[in-house]
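Below is one structure; the comments refer to it alone.
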Amino acid sequence: SAAQSFYDEIGGRPAFHTLVARFYDGVRADPVLRDLYPEEDLGPAEVRLRMFLEQYWGGPRTYSEQRGHPRLRMRHAPFRIGLAERDAWLKAMADAMDSITLSPEQRATLWQYFVMAADSMVNSLHDV
Ligand code: HEM
């Protein structure tokens, strides 16, 4: 059969749904992160991150249908993201990853991606 996408391999929509829902529980619980999000309702932001990650890993392309080209670094420009914010984001994602079933290889693949992506979103080093 054709190579399975990583999206399918780790459990498809339910896995991404759980991952991103737990991630936003972490955002809600962490003032460093929560204060960065402009909207009171984190529901729409949760949907955007879920759609993006599903698309990135080979699932449905709903993100680009609704949002266009990701241009993530540009979309993060309005938010002051320093090392503390990056670390808080990665901590919330590490906790979220513990809520889904991943092989050690899958965990490493996902984590390497998140570290690379979070590093690339840092746009403010005034706190160094
Ligand atoms: C949007 C913070 C890293 C993917 C946002 C928003 C904030 C934010 C405040 C606006 C919420 C909204 O959608 O309304 C941060 C912080 C990061 C970080 C503090 C720390 C480094 C990342 C990473 C990814 C990501 C690593 C992807 C792997 C997204 C996506 C959106 C978004 C897809 C929605 C973009 C759109 O379509 O408008 N982020 N983010 N973010 N973030 Fe991040």
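Whatever order the structure lists ligands and atoms in, that order sets their numbers, starting from 1. These numbers come from the heavy atoms of this one structure, side chains and all, not from hydrogens, waters or symmetry mates.
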For ligand 1, which atoms, with element, lie under 4.0 Å from some heavy atom of [X]?
X    : value
A45  : 11 (C), 12 (C), 13 (O), 14 (O)
A117 : 26 (C), 28 (C)
Y63  : 35 (C), 36 (C), 37 (O)

Measuring only between side-chain heavy atoms, which start at C-beta, is [X] closer than 4.5 Å to [Y]?
X    : Y    : answer
M97  : R107 : yes
Y113 : Y56  : yes
L19  : M93  : yes

- Query: M116 and F114: same hydrophobic cluster, using ILVMFWY side-chain contacts below 4.5 Å?
  - Reply: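 Yes, M116 connects to F114 through the hydrophobic network.
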- Message: Tell me whether I81 shares a hydrophobic cluster with V32, the cluster being built from Ile, Leu, Val, Met, Phe, Trp, Tyr side chains joined at under 4.5 Å.
- Response: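 Cluster IDs for I81 and V32 differ.
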- Hey, is I81 touching ligand 1 through its side chain, its backbone, both or neither, going by heavy atoms under 4.0 Å?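 Within the 4.0 Å criterion, I81 contacts ligand 1 through side-chain atoms alone.
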- Message: Can you tell me which portion of Y113 lies within the under-4.0 Å heavy-atom range of ligand 1? Options are side chain, backbone, both, or neither.
- Response: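 Near ligand 1, Y113 shows its side chain, while the N, CA, C and O stay back.
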- Taking W57 as the fixed residue, which of Y7, Y63, F6 is the one that meets the ring-ring contact (aromatic ring centres under 6.0 Å, His included) rule?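 With W57 as partner, ring-ring contact (aromatic ring centres under 6.0 Å, His included) holds for just one option, F6.
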Out of [options], indicate the one that has the non-hydrogen atom closest to [atom].
atom                    : options            : answer
atom 38 (O) of ligand 1 : R67, E85, Q55      : R67
atom 9 (C) of ligand 1  : L36, D87, L33      : L36
atom 34 (C) of ligand 1 : R50, R48, E39, E46 : R48

- Query: Ignoring water, what protein N, O or S atoms are under 2.8 Å from atom 43 (Fe) of ligand 1?
  - Reply: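 For atom 43 (Fe) of ligand 1, the protein N, O and S atoms that sit under 2.8 Å away are H76 NE2.
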- Task: Report the nearest protein non-hydrogen atom to atom 7 (C) of ligand 1: residue, atom name, distance rounded to 0.1 Å.
- Result: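 Among all protein heavy atoms, the one nearest atom 7 (C) of ligand 1 is Y37 CE2, 3.5 Å.
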- Heavy-atom count around R61 CZ within 6.0 Å, excluding the residue itself: above 12?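 No.
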- Item | Residues which pass side-chain hydrogen bond (donor to acceptor under 3.5 Å, both in side chains) with D87, listed by chain and number, not counting sequence neighbours |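 Result, side-chain hydrogen bond (donor to acceptor under 3.5 Å, both in side chains) vs D87: none returned.
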- Message: Does Q55 form a side chain to side chain donor-acceptor pair (under 3.5 Å) with T62? I'd like the steps, not just the answer.
- Response: CA-CA 7 Å; Q55 172 171 316; T62 321; over 6 Å; no
- Output yes when D95 and R22 qualify as a salt bridge under the 4.0 Å nitrogen-oxygen rule, no when they do not.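 Looking at D95 and R22, the cut-off is not met.
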